[in-house]
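Report on the following structure.
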Amino acid sequence: SFRKHWEIGVRRMEKKVSSTASIPTVKDKEEKKPLKIGFDIDDVINNLTEHLVDVYNTIQKPVQHTLSINDITDWDMSRFVPKENIDIFFGILGSEEFYEGMPHDETAFKVLSDLAQNPNVEMLFITGTSPEHVKLKEDWLLKHFPFIKPEQILFVKAAGKCHVGVDIMFDDCPVYIDKFECDFYLMDKPWNQCNIPEMKNGTCTRIYDWDDIQDVLSTHYHILAAPTPGETFINVKTTKKRTLGEDILNCTTKEDLVTL
């Protein structure tokens, strides 16, 4: 009957309207665009300079010159090493043993692993490095942070970092900061205690460690869960070789024991 066909037509129309409403619009797609976060590698993801100084102070036999990380107040590290030791100092950076002995930050591991599981975040690891150090640095990063994909690692000239186009940047170098158009977080180091250039299209905030990074991403951008008081994290896969007893003694909460 007419009424029966009319009801069928109405149901089809309602179904079509409902289906059309569920199709994401261009605006919806733009709103779901992942937040792009850039991380410098040297002295942000790793502690390269501190480790370099430690190795330099122990490799000399006999020790002729000792160096502290606080002595390095400029990007040109050769200024703080005697000329006769320059080859020794920079030669360390090209050795596999140097990278094998360089530890990583456990809070960095937790923060980055949590971000890697967030579909609304795109991480990029951006660094300027000498061509001969590229493989050593990439191997170190992939070993200690196995959830990072090689295509997320970008080796560029220092002046080219600002062209990657990130929404947030964590770096220890303020030299080209005025070229960035994003929220810039400067990792505090002895060599960046200079006057920071004013950013034209962005903001700059000085931070001091990975606890600060975790706090920024959780409280300001709401893309991480806020750490609970007294929270600790044990990365069993990458923990240095210790006895089970030593690992148990390092646990401070029941959650640590469960993780172990």
Has the side chain of S95 got a donor or acceptor atom that lies under 3.5 Å from a matching backbone atom of G91? no
Quick one about D43 and N47 (side-chain donor to acceptor, distance below 3.5 Å, no hydrogens or angles considered), yes or no? no
Please determine whether a side-chain nitrogen of the Lys or Arg among R206 and D212 lies less than 4.0 Å from a carboxylate oxygen of the Asp or Glu. no
Please report the interatomic distance CZ(F89) to OG(S78), rounded to the nearest 0.5 Å. 9.0 Å
Any V53 side-chain heavy atom under 4.5 Å of S68 side chain: no
Is K33 close to E122 at the side-chain level, that is, under 4.5 Å between some pair of heavy atoms? no
Quick check against the 3.5 Å criterion: does Q152 have a side-chain atom that pairs as donor or acceptor with the backbone of M123? yes
Look at the side-chain heavy atoms of Ile, Leu, Val, Met, Phe, Trp and Tyr, link any pair under 4.5 Å apart, and say whether V111 and Y185 land in one connected group. yes
Closest heavy-atom pair, Y176 versus F180, reported as atoms and distance to 0.1 Å, is O-CD1, 3.4 Å
Keeping the roles fixed (side chain from Q60, backbone from Y56), state whether a donor-acceptor pair exists under 3.5 Å. yes
Criterion side-chain contact (heavy atoms from CB on, under 4.5 Å) against V44, the qualifying member of D172, I207, L186: D172
Can you check whether I45 reaches D40 side chain to side chain, under 4.5 Å on heavy atoms? no
Would you say the side chain of I37 lies within less than 4.5 Å of the side chain of L217, judging by non-hydrogen atoms? yes
If we only count heavy atoms from C-beta on, is the D178 to E198 side-chain gap below 4.5 Å? no
Please assess N46 against D42 for the test side chain to side chain contact (heavy atoms under 4.5 Å, CB included), listing each intermediate value before the final yes or no. CA-CA 5 Å; N46 63 33; D42 292 338; 3.2 Å; yes
Do C173 and N192 touch side chain to side chain, with heavy atoms closer than 4.5 Å? no
Looking only at heavy atoms, the pair that brings L142 and K149 closest together is CD2-C, 4.4 Å
Note: I177 and C204 closest approach over all heavy atoms is CD1-SG, 3.3 Å
Same cluster or not: are F98 and V81 linked, directly or through other Ile, Leu, Val, Met, Phe, Trp or Tyr residues, by side-chain heavy atoms under 4.5 angstrom apart? yes
I69 versus W191, closest heavy-atom pair with distance: CG1-CZ3, 3.9 Å
State, to 0.1 Å, how close K110 and S113 come at their nearest heavy-atom pair, and which atoms those are. O-OG, 2.9 Å
Flag the pair Y99 / H133 as yes when their ring centroid distance falls below 6.0 Å, and as no otherwise. no
Flag yes if L48 and F145 sit in one hydrophobic cluster, no otherwise; membership is Ile, Leu, Val, Met, Phe, Trp, Tyr, and two members link when side-chain heavy atoms are under 4.5 Å apart. yes
Taking H51 for the side chain and P103 for the main chain, is one N or O donor matched with an acceptor at less than 3.5 Å? no
Got a salt bridge between D139 and K143, using NZ or NE/NH1/NH2 to carboxylate O under 4.0 Å? no
Atom CG of N120 and atom OH of Y221: how far apart are they, to the nearest 0.5 Å? 15.5 Å
Does the N118 side chain pair with the main chain of I223, one donor and one acceptor, at a distance under 3.5 Å? yes
Working for side chain to side chain donor-acceptor pair (under 3.5 Å), residues N57 and T66: CA-CA 5 Å; N57 287 337; T66 57; 5.3 Å; no
Between the CD atom in E138 and the OG1 atom in T129, the distance rounded to the nearest 0.5 Å is 11.0 Å
Using a 6.0 Å cut-off, check whether atom CG of D87 has over 12 heavy atoms from anything other than its own residue. no
Answer with yes or no after comparing the ring centroid distance for F109 and H144 against a 6.0 Å cut-off, counting only values under it. no
ILVMFWY network linking V156 to L141, side-chain heavy atoms under 4.5 angstrom: no
All heavy atoms of M169 vs all of C182, minimum pair found to be CB-SG, 4.0 Å
Spatial distance of atom CZ (F170) from atom CE (M187) [nearest 0.5 Å]: 8.0 Å
Worked check of side chain to side chain donor-acceptor pair (under 3.5 Å) between Q193 and D188: CA-CA 8 Å; Q193 300 304 307; D188 187 78; 2.9 Å; yes
Would you mind reporting whether I168 and F184 have side-chain heavy atoms less than 4.5 Å apart? no
Kindly determine whether D167 and K36 satisfy salt bridge (Lys or Arg N to Asp or Glu O under 4.0 Å), including the steps that lead there. CA-CA 5 Å; D167 301 303; K36 190 177 292 186; over 6 Å; no
CG of L136 to CD of E100, rounded to nearest 0.5 Å, is 9.0 Å
With clusters defined by side-chain heavy atoms of hydrophobic residues (ILVMFWY) lying less than 4.5 Å apart, directly or transitively, does I72 cluster with Y208? no
Please examine the side chains of M102 and L52, heavy atoms only from C-beta on, and report whether any two atoms are closer than 4.5 Å. no
Aromatic plane relationship, F125 with F39 - under 30° parallel, 30 to 60° tilted, over 60° perpendicular: parallel
To the nearest 0.5 Å, what is the distance between CD1 (I88) and CD (Q64)? 7.0 Å
